[in-house]
Amino acid sequence: MVFDVHPVRGKDVWGLHFSPIERKVPVQSLSCVYICTYGKMLSKFSYNRVWIPDNEEVWQSAEITKNYKAGDPFLHVQLEDGTELNYPVDPAALPPLRNPDILVGENDLTALSYLHEPAVLHNLKVRFVESRLIYTYSGIILVAINPYKQLPIYGDAIIHAYSGQNMGDMDPHIFAVAEEAYKQMARNNKNQSIIVSGESGAGKTVSARYTMRYFATVSKSSSNAHVENKVLASNPITEAVGNAKTTRNDNSSRFGKYTEISFDQSYQIIGANMRTYLLEKSRVVFQSENERNYHIFYQLCASATQPEYKHLKLGSAEEFNYTRMGGSTVIEGVDDRANMVETQKTFALLGNVFGLKDKHLNIFCELLDLNSDKMAQWLCHRKIITTSETVIKPMTRPQAVNARDALAKKIYSHLFDLIVERINQALQFPGKQHTFIGVLDIYGFETFDVNSFEQFCINYANEKLQQQFNLHVFKLEQEEYMKEDIPWTLIDFYDNQRVIDLIEAKMGILELLDEECLLPHGTDENWLQKLYNNFVNKNALFEKPRMSNTSFIIQHFADKVEYKCEGFLEKNRDTVHEVLIEILKDSKVCEQSFRNSLSLLMVTLNATTPHYVRCIKPNDEKLPFEFDSKRVAQQLRACGVLETIRISAQSYPSRWTYLEFFSRYSILMTQQELSINDKKQICKIVLQRLIQDHNQYQFGRTKIFFRAGQVAYLEKLRSDKLRHACIVIQKSVRGWLQRKKFLCIKQAALIIQQYFRGQRTETWAAIIIQKYCRGYLVRRLWELMHVAAVIIQAYTRGFLARRKYRKMLKEHKAVILQKYARAWLARRRFQNIRRFVLNIQLSYRVQQLQKKMEEKVRATSQPVICTGFLSYMFYSESSYICHVLASSLFNRVMESHFQSQKEIYEKEIEGLNFKVEHLSQDINHLQKLFREENDINDGIRLEVSRLTSENLVRSRCSKAKYVFPRGVVVNMIPGLPAHILFMCVRYADYLNDADMLKSFMNVTIDGIKQVVKEHSEEFEMLSFWLSNTYYFLNCLKQYSGEEEFMKCNTPRQNKNCLKHFDLSEYRQILSDLAIRIYYQFIVVMENSIQPMIVPGMLEYESLQGISGLKPTGFRKRSSSIDDTDTYTMTSILQQLSYFYSTMCQNGLDSELLKQAVKQLFFLIGAVTLNSLFLRKDMCSCRKGMQIRCNISYLEEWLKDKNLQSSNAKETLEPLSQAAWLLQVKKITDDDAKEICEHCTSLSTVQIVKILNSYTPIDDFEKRVTPSFVRKVQAMLNNREDAPQLMLDTKYLFQVTFPFTPSPHALELIQVPSSFRLGFLTRV
């Protein structure tokens, strides 16, 4: 144990760092001063909880019940179960302090104020058991605990949620490590590596598989080779031939694997390469009880009856010695035949890379095309060559079994290498790789009851990896100090170079093993004796067991391990006899090959930026979410997590940015300090006032560094300040309530006293009665006056309304009368003029006739001709005399009538001439207007005829991007370009020119597509063309001549309907084009607003006093680094307003606009909720209040834009319910019932996730107990909802284009000059 003493504020506060692997002498005993103040400090600061060792739980929490005094041999504590205990203590080794509850459950272990083993173990247990979180950061390490249960946290939605995010912004996850590696590779152009380690059953293979899947998803290649699918397909193959069931794991990797994924300059996967290490060949010929051989054997046996495998002559797994040796040929819940089908499918992606072997001699020889007699002879005999002769010596049965097993191991080893080689060939790529990310899946440190050569090699590899890890951690720590301009002091860390030298140095363990293997009669015992002679009592890291002469002990970095020497030489040689070598080629020394490959691996890792994943096995029974503290503590010590903690704890483990510190501890600042504009300066002044010992913290450029215990002390001050504020508020409220109550009681007492003392007489009673009577009378009078006023107002308003109505009615009738009167007068004038004209005509004709008759009378010699003439004039064949008489009589009558009417007509003619002149002027004006309209229509027809030329249309379409300036759309009618396009279509229909129409429609559609393609990221252009494509489509429907679209047309619009062509086919094409534009339009809006959603909806805190920032440890949130240029809720509202105004300016239909807003609101809700699921630090009551406030801002925006009917508000319902869930009480059964009834838009998985992730920000808040979560989960079991955790942010609602007829008449549409369409004229 190591203890450091840190004085704070003039008092002595102690913090300590415990490391079970620390081998140094503890620091000097605490002075009597510190011992004396120990008890006082606990009492003053309420740090009265400590950790004491426990045999079952490793560490147990206890509360100190009495002050500790110098010299006290015991510490009086009370355990959590109420047991009183006198714990013996050593003044130089006081128990570790427990962190405040507010710091428990942190995402990063380095965020804990007290850094030691019990704090780490407790934090992991709380996260794993209570919060169901399997990932936790420990500085640069990701600790992954195997849940032994399928969790919904690995879908594509989760991958997309982590893609592009900074590591500290989201909850710990294997995808976060993969994203960090990918981002650093792209940013720094440097190769990366991810080292996944852990013991068997800890989940290494699955973790490595998920990292590769992440890379394959986020960096899909643009080619059709599907390289990423081939990379993923290699996993099932290698697992089939390299994984097996062990007592600790049903799918244990029995080899190490380093997969190098190659990327091109665009950082897309172009190929991969795989290297394997230390295949456990002994498993082929031997399995312990309850273990199996490699999966591939059982898959083949389960598929023996399939036609493609009958030629192998296989049987069940129970028939073969190599597969039944462990007594466990079946794994519960695993279908070997189905797995073989999956393995075959992956072979199809990589090509045929597999060959098969059998153990029965004849079948074996037949499959390998060997001579069975020779094979049988040399499996049972051995050839010994001397200088004079060659002797063939029969082998004993054990020797023959060993020879057979050696051959089987050699064959399987070559088969495994062949498969890996073929996989690498399938993953080869042409050209040169730009960068790569390596994923190393290798055994963790292993120690069993019996440890042999395999464990020795594994632990040797882990020693090398641990040394590389220690140096990297030390380097990062140094870089952090230098970057922050903090004086660098050397930190002592455990260096395992001595152990590595013991194993690999000259005359080390490996060299002595190689030397013994070269001797003809070398044995394990002789080699072990050499080890005893060279290292016992000479090297402190090597020991000889007291009770054994066949074992040796090595002190590794993680623990002491005892190795049995039996089989070391045989496994190291791994030889096959010479005659068999001729068939299966040469043999090699295993250790030497492993040492070379390990050396190459270390060179590769040292040339990359490493990222570490430490997989932990929580229990040996494979029970879901069960935490065995002993097993976990053992693995934490072995995997280097505690070493990282110890290195951090030696200096300044707690590190806060200035913004985080200011936000968290502004409550401790005075008004004078807050008046300073520089937040960094404020933090310095406050810290100097709160912590007077300047050695307890350091100011960096962007961060404040604290020694252990200081953050806990600041949290205590903050909690005390809040508690004091609560007390003041409670005091004031309670005082006010008591004063109010007192005044009421006092007033009642005075009244009673006055009554009993006689001061209240009948007068007092009369006054009271009068008061109420007068009040009643006044109220009654007021009510009568009110009713009367209302009635008067009603009658007055009615009278005025009726008078106004009568006036309007009279005016209307007068207009009608005037209309009819003027019409009658006009008709009368017309009839008078007509009669006058007829009379004039008649008079003239009569005069002419009279003259002719007079001339004929004189000429008496021609009566027949005159008679004929008169008969012709009067259309009769009467006699001449009758005509003459009739004519004379008619003339006299007409002359008399004409003389009588002449004077009257002359007067009327003068008046009518004036009116006729006036009407003529009106007619001329109307004719002029009519001629102008005809000229315009003729111009349009002539100009449209010019557009029939396809070349001209195309030349104009090439300028389409400039045709409609953005500023013009504000003042023009909606869809004006669409109306212009339709007028061109109408002219082609008028001419009945099918070729012209087809050409125009095709070129128009192609032109729109081209413009949309060239401006696919410009929101305004997409909005403009979406609107006009929609209006063009509606025009084609409105003027199609179909009754369903003509219901709202005016008679004038119906005249403009198309006469000759059915454009329903083009309408469908335009509809598809509009849908395409709409979805691209939505994508552009989503891409613009998505970066604002999480900062604005989740991270930005607009409510005063609602700050939820807490220490984040080594992985800092990007939002906590700098508060300048960050997105806020205002940014989101401004962006929405910009979208809305642009859509309105471009005349987008209101229904389409509502659908677009609904889609945007869904995205805002889904992205915010998904981020909430993946950010435990955001799941607090205060954050729920902030989210609800932000939702109200969005609802106000909808109301302000009159978009309540868009159903956009409903898309925020899941987020609203999540915010409510964060704020509601979560304790009783009624609370659980209320949650189930209210949260109908959230799935069971989502509700449980929020409850498990709920994180108190202050000591006043309580965590959600696991029993309450289970209670809610039981109530929700009957729900039938999707098991997915994340919402699909890529989901798009189906768009509908409503038919909205245009109210504008085509004849009245004017083309603005700003459109640059001077080549268009009206016909």
Working for side-chain hydrogen bond (donor to acceptor under 3.5 Å, both in side chains), residues Asn189 and Tyr267: CA-CA 10 Å; Asn189 282 330; Tyr267 304 106; 2.2 Å; yes
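- With hydrogens and angles ignored, the 3.5 Å screen pairs a side-chain donor or acceptor of Asp108 with a backbone N or O of Thr110.
- Using modelled atom types, one side-chain atom of Gln455 and one backbone atom of Ser452 make a donor-acceptor pair closer than 3.5 Å.
- More than 12 heavy atoms of other residues, nucleotides or ligands lie within 6.0 Å of CD in Gln433, so this atom counts as buried by the packing criterion.
- Side chain of Asn249 to backbone of Thr246: no donor-acceptor contact under 3.5 angstrom is found.
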Full working for side chain to side chain contact (heavy atoms under 4.5 Å, CB included) between Asn273 and Arg275: CA-CA 7 Å; Asn273 185 68; Arg275 283 181 264 165; 4.3 Å; yes
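- Two residues are said to be in side-chain contact when any heavy atoms from C-beta on lie closer than 4.5 Å; Met274 and Lys257 meet this criterion.
- Glu106 places no side-chain N or O within 3.5 Å of a backbone atom of Asn123 that could act as its donor or acceptor partner.
- In plain terms, the two heavy atoms of Lys703 and Arg655 that are nearest each other are CD-CB, 4.5 Å.
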From CA spacing to verdict: side chain to side chain contact (heavy atoms under 4.5 Å, CB included), Met170, Phe175: CA-CA 10 Å; Met170 309 287 281; Phe175 291 159; over 6 Å; no
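- In this structure, the ring of Tyr162 has its center no less than 6.0 angstrom from the ring center of Tyr214.
- Note: Phe215 and Phe263 have perpendicular aromatic rings, judged against thresholds of 30 and 60 degrees for the angle between ring planes.
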Candidate pair Leu636 and Glu117, rule side chain to side chain contact (heavy atoms under 4.5 Å, CB included), full reasoning: CA-CA 9 Å; Leu636 290 175; Glu117 181 181 282; 6.0 Å; no
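- Expressed to the nearest 0.5 Å, how far CZ of Arg209 lies from CG of Asn235 amounts to 6.5 Å.
- For Asn533, the CG atom counts as densely surrounded, since its 6.0 Å shell holds more than 12 non-hydrogen atoms of other residues, nucleotides or ligands.
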CA sep, side-chain torsions, deciding dist, call: Thr702, Glu484, side-chain hydrogen bond (donor to acceptor under 3.5 Å, both in side chains): CA-CA 7 Å; Thr702 62; Glu484 293 292 328; 2.6 Å; yes
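- With Asn99 contributing its side chain and Ala119 its backbone, the two residues share no donor-acceptor pair below 3.5 Å.
- Classified by interplanar angle (parallel below 30°, tilted 30° to 60°, perpendicular above 60°), the ring pair His472/Tyr612 is tilted.
- In this structure the side chain of Tyr135 reaches within 4.5 angstrom of the side chain of Ile174, judged on heavy atoms.
- Under the 30°/60° scheme for interplanar angles, the aromatic rings of Phe255 and Phe416 are found to stand perpendicular.
- A salt bridge between Lys464 and Glu504 is present, with a side-chain N of the basic residue lying under 4.0 Å from a carboxylate O of the acidic one.
- With values rounded to the nearest 0.5 angstrom, Glu280 atom CD is found 10.5 Å from Lys409 atom NZ.
- Checked for salt-bridge contact, Glu454 and Arg254 miss the test: no charged N lies under 4.0 Å from a carboxylate O.
- Judged by distance alone, the side chain of Asn534 and the main-chain N or O of Gly508 form no donor-acceptor pair under 3.5 Å.
- Not a single donor-acceptor pair under 3.5 Å links the side chain of Asn526 to the backbone N or O of Glu516.
- Closest approach of Thr608 to Gln192, counting heavy atoms only: CB-C, 3.8 Å.
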Pair Asn107-Arg127, side-chain hydrogen bond (donor to acceptor under 3.5 Å, both in side chains): steps then yes or no: CA-CA 9 Å; Asn107 287 341; Arg127 288 177 60 83; 2.8 Å; yes
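- With hydrogens and angles ignored, the 3.5 Å screen pairs no side-chain donor or acceptor of Glu566 with any backbone N or O of Asp524.
- In this structure, Glu57 pairs ionically with Lys125, as a charged nitrogen and a carboxylate oxygen lie closer than 4.0 Å.
- Between Ile554 and Phe456, some side-chain heavy-atom pair lies under the 4.5 Å cut-off.
- Nearest heavy atoms, Leu97 versus Trp51: O-CD1, 3.7 Å.
- Counting all heavy atoms, side chain and backbone alike, Phe535 lies closest to Ile509 at CE1-CG1, 4.0 Å.
- Within a 6.0 Å sphere centred on CZ of Arg187, heavy atoms belonging to other residues, nucleotides or ligands number more than 12.
- Of all non-hydrogen atoms in Asn451 and Glu446, the two that sit nearest each other are OD1-O, 4.3 Å.
- With rounding to the nearest 0.5 Å, the separation of CG in Leu541 from CD1 in Ile503 is 9.5 Å.
- With contacts defined as side-chain heavy-atom distances shorter than 4.5 Å, the pair Trp527/Cys565 qualifies.
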Chi angles and distances behind the side chain to side chain contact (heavy atoms under 4.5 Å, CB included) call for Ser197, Arg614: CA-CA 5 Å; Ser197 64; Arg614 298 295 191 247; 3.1 Å; yes
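- The six-membered or imidazole ring of Tyr277 lies away from that of Tyr258, with a centre-to-centre distance of 6.0 Å or more.
- Closest approach of Ala607 to Lys190, counting heavy atoms only: O-CE, 4.2 Å.
- At a threshold of 4.5 Å between non-hydrogen side-chain atoms, the residues Gln466 and His556 do not count as touching.
- The pair Arg637-Asp559 does not meet the salt-bridge criterion, since no charged nitrogen lies less than 4.0 angstrom from a carboxylate oxygen.
- Using a 4.5 Å heavy-atom cutoff, the side chains of Ser282 and Phe453 are not in contact.
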Test side-chain hydrogen bond (donor to acceptor under 3.5 Å, both in side chains) applied to Tyr148 and Asn619, step by step: CA-CA 10 Å; Tyr148 290 115; Asn619 60 79; 5.6 Å; no
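- Considering only heavy atoms from C-beta on, Leu115 comes within 4.5 Å of Leu112 through its side chain.
- Between the side chain of Lys544 and the backbone N or O of Asn549 there is no donor-acceptor pair closer than 3.5 Å.
- In terms of modelled atom types and a separation under 3.5 Å, the side chain of Asn572 and the main chain of Phe568 share no donor-acceptor contact.
- The distance from atom CD1 of Ile442 to atom CG of Asn462, rounded to the nearest 0.5 Å, is 6.5 Å.
- Counting heavy atoms from C-beta on, the side chains of Phe436 and Thr604 come closer than 4.5 Å.
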